Amino acid sequence: PVDKFLSKEEQLLRWCRQKRIFSKAEAISFGTNNYYLRAERTIRDFVLQGTVRKIGKDECIRRNLKGNMSWYEVVSS
């Protein structure tokens, strides 16, 4: 259930915090399902702000995160 009173960015951030670790594809899917087509771009903004970090390739392999795409993890809450 998405809170209609939150901005799209706030909805996305709440989703990120609930997921904790998520892929680029999941972020795009969330955006599509919630009419927020710049969701993936906003994730990159969160990375620049230090709210979310991109998980490096080696760490993805160690953590068994599948697929050849970007994975992200929430840093601060």
Side-chain angles (χ1 to χ4, degrees):
V2 172
D3 187 337
K4 299 286 185 252
F5 294 104
L6 293 177
S7 72
K8 297 286 185 187
E9 187 173 327
E10 290 167 330
Q11 290 172 18
L12 179 63
L13 185 57
R14 179 177 281 182
W15 175 85
C16 292
R17 288 182 175 143
Q18 288 170 348
K19 295 281 291 179
R20 298 182 82 86
I21 295 174
F22 53 92
S23 70
K24 177 178 177 175
E26 289 171 324
I28 291 170
S29 176
F30 171 87
T32 303
N33 292 337
N34 291 284
Y35 308 100
Y36 188 40
L37 299 183
R38 74 180 306 277
E40 194 266 330
R41 173 74 243 164
T42 302
I43 295 291
R44 288 182 278 157
D45 291 342
F46 291 160
V47 170
L48 292 174
Q49 294 164 15
T51 310
V52 169
R53 75 177 185 94
K54 188 173 179 179
I55 301 173
K57 282 258 185 269
D58 292 345
E59 188 179 350
C60 284
I61 293 166
R62 278 199 311 278
R63 293 170 84 163
N64 206 25
L65 299 173
K66 299 273 190 261
N68 194 19
M69 69 184 77
S70 301
W71 283 85
Y72 300 92
E73 181 174 33
V74 173
V75 175
S76 61
S77 37

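These numbers come from a predicted model, not from an experiment.
Counting heavy-atom neighbours within 6.0 Å of K54 NZ, excluding the residue itself, gives a total of 12 or less.
A distance of 10.0 Å separates CD in E40 from CZ in R38, rounded to the nearest 0.5 Å. Rounding to the nearest 0.5 Å places OG of S70 at 6.5 Å from NZ of K57. Summarising the geometry, atom CZ belonging to R44 is positioned 6.5 Å from atom NZ belonging to K24; distances are rounded to the nearest 0.5 Å. To the nearest 0.5 Å, atoms CG (N33) and CD (E26) are separated by 12.0 Å.
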Exercise. Take I55 and Y72 through the side-chain contact (heavy atoms from CB on, under 4.5 Å) test and state the conclusion after the steps.
Key: CA-CA 5 Å; I55 301 173; Y72 300 92; 5.8 Å; no
Practice problem: Kindly indicate, with the supporting measurements, whether the criterion side-chain contact (heavy atoms from CB on, under 4.5 Å) is fulfilled by E9 and Y36. | Solution: CA-CA 9 Å; E9 187 173 327; Y36 188 40; 4.1 Å; yes
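Side-chain contact between Y35 and K8: present, with at least one pair of heavy atoms (C-beta onward) separated by less than 4.5 Å. Side-chain atoms of F22 and F30, non-hydrogen and from C-beta on, never get closer than 4.5 Å to each other. When side chains are defined from C-beta on, L13 counts as touching T51, because their heavy atoms get closer than 4.5 Å. Within the 4.5 Å cutoff, the side chain of F46 has no heavy atoms near those of the R53 side chain.
When atom types are taken as modelled, the side chain of S29 and the backbone of A25 share no donor-acceptor pair closer than 3.5 angstrom. Side-chain atoms of T42 do not come within 3.5 Å of backbone N or O of D45 as any donor-acceptor pair. Judged by distance alone, the side chain of Q11 and the main-chain N or O of L6 form a donor-acceptor pair under 3.5 Å.
In the hydrophobic clustering of this structure, V74 does not group with W71; members are Ile, Leu, Val, Met, Phe, Trp, Tyr whose side-chain heavy atoms approach within less than 4.5 Å, directly or through other members. Cluster membership for L12 and V47, using ILVMFWY side-chain heavy atoms within less than 4.5 angstrom, is shared.
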What donor-acceptor contacts under 3.5 angstrom involve side-chain atoms of residues 61-69, with partners at least two apart or in another chain?
unit_1	atom_1	unit_2	atom_2	d
R63	NH1	E59	OE2	2.5
R63	NH1	E73	OE1	3.2
R63	NH2	E73	OE2	3.1
N64	OD1	K66	NZ	2.6

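In plain terms, the two heavy atoms of A27 and A39 that are nearest each other are O-CB, 3.7 Å.
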